[in-house]
Number of protein chains: 2
Amino acid sequence: MNAPTNPQSNVTPNVTPDITVATWNINSVRLRMPIVAHYLKEHAPDVLCLQEIKTEEKFFPFEAFAEAGYPHVALSGQKGYHGVATVSRLPIRESSKLDWQANGEARHVGVELVGRDMFIENVYVPAGGDVPDRAVNPKFGQKLDFLGRMTEWADALDKPTLIVGDFNIAPLESDVWSHKQLLKVVSHTPLEVETLKRFQDAHGWIDLGREFIADPQRYFSWWSYRAKDYTKGDRGRRLDHMWASPELAKQAVSHSVLEEARGWEKPSDHIPLITGFDL
Amino acid sequence: MNAPTNPQSNVTPNVTPDITVATWNINSVRLRMPIVAHYLKEHAPDVLCLQEIKTEEKFFPFEAFAEAGYPHVALSGQKGYHGVATVSRLPIRESSKLDWQANGEARHVGVELVGRDMFIENVYVPAGGDVPDRAVNPKFGQKLDFLGRMTEWADALDKPTLIVGDFNIAPLESDVWSHKQLLKVVSHTPLEVETLKRFQDAHGWIDLGREFIADPQRYFSWWSYRAKDYTKGDRGRRLDHMWASPELAKQAVSHSVLEEARGWEKPSDHIPLITGFDL
DNA sequence: GGGAGGGTCG
DNA sequence: CGACCCTCCC
């Protein structure tokens, strides 16, 4: 990738990339449509990958996205939980819907950008429950197994790919507000971090966020709803990621994170990230 | 009672009564507090009787009422359903909480206006379910039995009393948008109307609403939530009532119904009624 | 349609 | 805390 114009900053460098791709765990797309429309209007990514849409496909707000200029949609939805959608201003072709848990949950959709040599994989990794021990908490085991299947998939991957979404893991110490206090908290345990590293190494994924906002700079993408004021104590974590194949990563020219979105009206607990590419 | 200045109108005649009393089925007092405060500010009844407060007593918004100038409260609440509250600018003394069904439901509270010879009974009659046949719908039987116990109570009554609230019965043909289409609909069946008439005759209650807005004039107090626009077709019913003892009724000088409240922000499906008295 | 409640999830 | 689900009630 090209060097960012200002490595200390998390705002988009003053470049106009060919293509911009954003990711946002939206925590109910129907409830959040007003702020999504606002985001699209203000930031106009070419492609937006949403997680936790929490709706069946038949209730997805296709019309609102079309009106906002995003007529192209690939989605995997289910009732009430999970669900991912990739919406685009540019033509996309759905390339895969993978069920890495083989349990029917809607946690992935892959698209190809038509006429561009780029695949975009939109994923929502399981949260993993409360206790970081698969013997007492099956959900934690499922999370690790999900990453294991993703790793097998990545190992066989041979196309220029961008994988984005809510990985539900903050791998670096600087990805959390307190490394020490979160070592035994699901999302930042050494076992999760190692498991994610194996996934990364399987394809040589480049962590674009940390290319532009280098460790050990503060970089968070999520703040819990359980604090009345999310800014109080700034107890954030970087759970959302944008990772690219090595060759594609070289074409990334900008990356930014929209922290103000956490303070919008009826916000998601996650904020949007965006990366620009010169293809 | 004194003749209304304009019997065709449902607006308050130009009099300043000694005392005004209002009734409103509020369908959750906590959710509706903003419009209740607005109503109190604009119409300033001395006493307001609320039904369907839908809260336990410990969660009743005493403070908001005190700030609005209504520090005196008598209430009977329960979790989730039913519940009545009488709030007042003037001192009141709780005189009774009657359980006419003997099932523990909070459907009545009676107060005495301190220093005035007037009792105000606030009641929420059971809705009665869907099918107007006690053999197949026990709730319909409970509604009739509730009115039966009220009739026994009224028969023994010997104080100047105003009974107000949601009776869940529209007795007259002009109390519903279509007499014919509602004859078999719970709230307007002949059996309910007869049962309510027996209650009325037991004490000689005067239907103050119909003294001021005489039959067959249109007079509704409720419109279902199940129409997107309640004004479309005007499918209303008069389910809420203010009935006075014969001698007290002679002191009623005004009565009006606030239809605009059905169109307020997050409205109740019922609207408030108000009666003025010269004691 | 729209209150309430309770349960589950994160 | 705030999404979702469901049932109950009007």
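Chain letters run A, B, ... following the sequence lines, proteins first and then strands; every chain starts at 1.
Taking 3.5 Å as the limit, the base of D/dC10 and the side chain of B/Tyr225 contain no donor-acceptor pair of atoms between them. A donor-acceptor contact under 3.5 Å is formed by the side chain of A/Arg226 with the base of C/dG10.
B/Tyr39 and B/His43 have parallel rings, their planes meeting at less than 30° on a 0 to 90° scale where 60° marks the start of perpendicular.
Rounded to whole angstrom, the span from the CG atom of A/Asn27 across to the C1' atom of D/dA3 amounts to 5 Å. Here D/dC8 presents its C1' atom at 12 Å from CG of B/Asp130, a figure rounded to the nearest Å. Rounded to an integer number of Å, the gap from B/Arg235 CZ to C/dG1 C1' is 15 Å. If you take CZ of B/Phe167 and C1' of D/dC10, they are 18 Å apart, rounded to a whole angstrom. A straight line from CH2 of A/Trp24 to P of D/dA3 spans 13 Å, rounded to a whole angstrom. Nucleotide C/dG2 holds its P atom 16 Å from the CG atom of B/Asn25, rounded to whole Å. Between B/Asp229 atom CG and C/dG1 atom P the separation is 14 Å, expressed in whole Å. The separation between B/Arg107 atom CZ and D/dC9 atom P is 11 Å, rounded to whole Å.
Listed pair A/Arg32 / D/dA3 meets the phosphate criterion, a side-chain N or O lying under 4.0 Å from OP1 or OP2. Taking only side-chain nitrogens and oxygens, B/Lys228 never comes nearer than 4.0 Å to OP1 or OP2 of C/dG1. In this structure, A/Lys143 does not reach the C/dG10 phosphate: none of its side-chain N or O atoms is under 4.0 Å from OP1 or OP2. The side chain of B/Lys54 places no N or O atom within less than 4.0 Å of a non-bridging phosphate oxygen (OP1 or OP2) of D/dC10. The phosphate of D/dG2 has neither OP1 nor OP2 within less than 4.0 Å of any side-chain N or O from A/Ser28.
Residue B/Phe59 is classed as having no contact, given no heavy-atom separation below 4.0 Å to the nucleic acid. Backbone-only engagement by A/Lys266 is indicated by non-hydrogen atom pairs under 4.0 Å involving sugar-phosphate atoms exclusively.
Comparing C/dG3, C/dG10, C/dG6 by their closest approach to the side chain of B/Lys79 singles out C/dG6. You'll find that the side chain of A/His82 is closest to C/dG10, out of D/dA3, C/dG10, D/dC10.
One finds a salt bridge joining A/Glu259 and A/Arg218 here, because a Lys/Arg side-chain nitrogen approaches an Asp/Glu carboxylate oxygen to under 4.0 Å.
With hydrogens and angles disregarded, no donor-acceptor distance shorter than 3.5 Å links the side chain of A/Glu56 to the backbone of A/Gln78.
Other residues, nucleotides and ligands contribute at most 12 non-hydrogen atoms within 6.0 Å of the CD atom of A/Glu63.
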For this session: Could you please spell out the steps behind the ring pair (Phe, Tyr, Trp, His ring centres under 6.0 Å) verdict for B/Tyr230 and B/Tyr225?
Result: CA-CA 7 Å; B/Tyr230 80 97; B/Tyr225 282 124; over 10 Å; no
